[in-house]
Protein chains: 2
Amino acid sequence: MEHTTEYKDLVNQKQDFLPGISIDCVIFGFHENQLKVLLIKFGNTQIYSLPGGFIYKEESLDEAANRILDHRTGIEDTYLEQFYIFGDPKRVNPEEHRWIMQKNGIDLPSDHFLFNRHITVGYYALVDFTKIQPHSYLNHEESGWFDIYDLPETIAFDHREILTKALDSLRLLLDHKLAVFNLMPETFTMGELQSLYETILNKKLLRANFQRKMLSLGILERLDKKWGGGAHKAPYLYRFDSQKAEANKFSNQFEE
Amino acid sequence: MEHTTEYKDLVNQKQDFLPGISIDCVIFGFHENQLKVLLIKFGNTQIYSLPGGFIYKEESLDEAANRILDHRTGIEDTYLEQFYIFGDPKRVNPEEHRWIMQKNGIDLPSDHFLFNRHITVGYYALVDFTKIQPHSYLNHEESGWFDIYDLPETIAFDHREILTKALDSLRLLLDHKLAVFNLMPETFTMGELQSLYETILNKKLLRANFQRKMLSLGILERLDKKWGGGAHKAPYLYRFDSQKAEANKFSNQFEE
DNA sequence: TAATATTGTATCGTTGTGATACAATAAATC
DNA sequence: GATTTATTGTATCACAACGATACAATATTA
């Protein structure tokens, strides 16, 4: 059983973790015009969940979230922010949880700490999809990217609700900060950027107006044209220019 | 010592509470053109703190926050929302905490659970100042309202940071929801409403434009004029009309 | 009765935005 | 190599939103 290492941590390290609290990460990526989230499939089941973990006793919440994210994606520095804390006492069904563990060959007593009530802090990460290679850890967990609008049927616990709230928060972020550029690769066309906005907002935008608005913000550096995209005029490539953004008083809208 | 009852709870009921997690409430009110927050003064000190508490094991976070708020202000139904979770392992200095308790005649061992690391969930409440009478509980705690821009010098733990974050969140709320009307009395003049906005945003607004904007939202009911306000034209009184707000597609901007 | 302070509203110019149009052009097709 | 095609970059028009200013209305005071 490939999960053993991780689960051993969970099972044995109770004394190292803060009790009764966990972190769940909604890892957003953008690929082929789809907004994706990274989900983990529990072994021997069809149940998916968010990657999560616990907080060491000497660790801040942000540090824990970064550690968990690094563990799952191999990305160390990326945009990561808490968006909500989920504290319903019935948010996790301990029977469901125990059944999942059993399916993975781990038979824990029903009074094991893992099945106690846990409050969970929701973090979302905005990662550059192109920089994430299938991590060894990912394979072990049978994790994968899913279109946020086409999620698996069975999602564990209250994780579907967490995903919904994360998407809501991401939409709010669009209005206030420029953090969504963390979802784009280093260079991109205006059409690709528009596609990201459309996917997050789940509605079509007028191309001409989107371009006008984006250029007027003064945060993009225009590079060479992108050749070979098809039988049509070649689009420019752009790069997000954080210095320009700062000069244009958008400093407070990006990366805190 | 008047605190005894509450502190007894804290000291003895460890087993009833979720371990390692607390709630702190930033209770906003609006009075005499000032944005106020309710702070508690620890006995025999000059140290103020936010009213807070712990979560019972069968209670949701929102329920706990409501209970704590009710306890402090006597208000049962009001606008209450979590805004951030504070999880720095050094956010509370246990020595400072123990010293404060000692000053209140409660000498706890340094390994008492109260001095363990606690993560705290920040909630803000928007209350109608005119409906809050000095609650018996308040007197006991020597609590009082403070202008958010003129806080006491000594504020315990990381509570000043929590207050700052709460004010930031309140400003965001202004853009998205109509919840700030919870801070106003039942009826008010346009000038009073403008004063609230100016106080939250900490900047002056143009009277004519503010009035035009507010009226155009179609969320206010115009009542009789308010007489006796001085040697000038009498202003109209307004009432926030949640039905109008709903009809004008603002339903999603108010009370969830 | 006149003066005063404040309120309610109108107006002007500027900016931002939705909608549409059109020229430019890289690759595919003939 | 000329033509076609799909897409891009930009211009334009109408309208809404907004900052700034002006002014008439009016409840109280003098």
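Note on A/Leu215: only backbone sugar-phosphate atoms sit closer than 4.0 angstrom, heavy atoms only; bases stay farther off.
As a whole-Å value, the separation of A/Lys213 NZ from D/dA11 C1' is 19 Å. Here the P atom of nucleotide D/dT8 and the OH atom of A/Tyr238 are 11 Å apart, to the nearest Å. Between B/Leu223 atom CG and C/dT7 atom P the separation is 17 Å, expressed in whole Å. Rounded to an integer number of Å, the gap from A/Gln211 CD to C/dG16 C1' is 17 Å. Atoms CD (A/Glu192) and C1' (D/dT7) sit 13 Å apart, rounded to a whole Å.
Within residues 194-204 of chain A, no residue places a heavy atom under 4.0 Å from DNA chain D.
Judged as a salt bridge (Lys or Arg N to Asp or Glu O under 4.0 Å), and not counting sequence neighbours, the contacts of B/Arg67 are B/Glu59. In this view, B/Lys204 and B/Glu198 satisfy the salt bridge (Lys or Arg N to Asp or Glu O under 4.0 Å) rule, not counting sequence neighbours. Taking B/Glu63 as the reference, nothing meets the salt bridge (Lys or Arg N to Asp or Glu O under 4.0 Å) condition, with sequence neighbours excluded. Listed by chain and residue number, B/Phe210 satisfy the ring pair (Phe, Tyr, Trp, His ring centres under 6.0 Å) test with B/Tyr197 (two or more places apart in sequence, or in another chain).
Set against D/dC18, D/dG9, C/dG8, the side chain of A/Tyr236 has D/dG9 as its closest nucleotide.
Between A/Tyr48 and A/Phe42, a ring centre-to-centre spacing not shorter than 6.0 Å is recorded.
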Next item on the list: Go along nucleotides 20-30 of chain D 5' to 3' and tag each nucleotide: B for a protein heavy atom under 4.0 Å from its base, S when only backbone or sugar atoms are that close, - otherwise.
Entry: BB---BBBBS-

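Comment: A/Arg239 engages A/Glu186 in a salt bridge, judged by a side-chain N to carboxylate O separation of less than 4.0 angstrom.
For the pair A/Arg222 and A/Tyr236, the cation sits on the ring face: its NZ or CZ lies under 6.0 Å from the ring centre, inside 45° of the axis.
When all heavy atoms of B/Leu50 and B/Cys25 are compared, the closest pair comes out as CD2-O, 3.6 Å.
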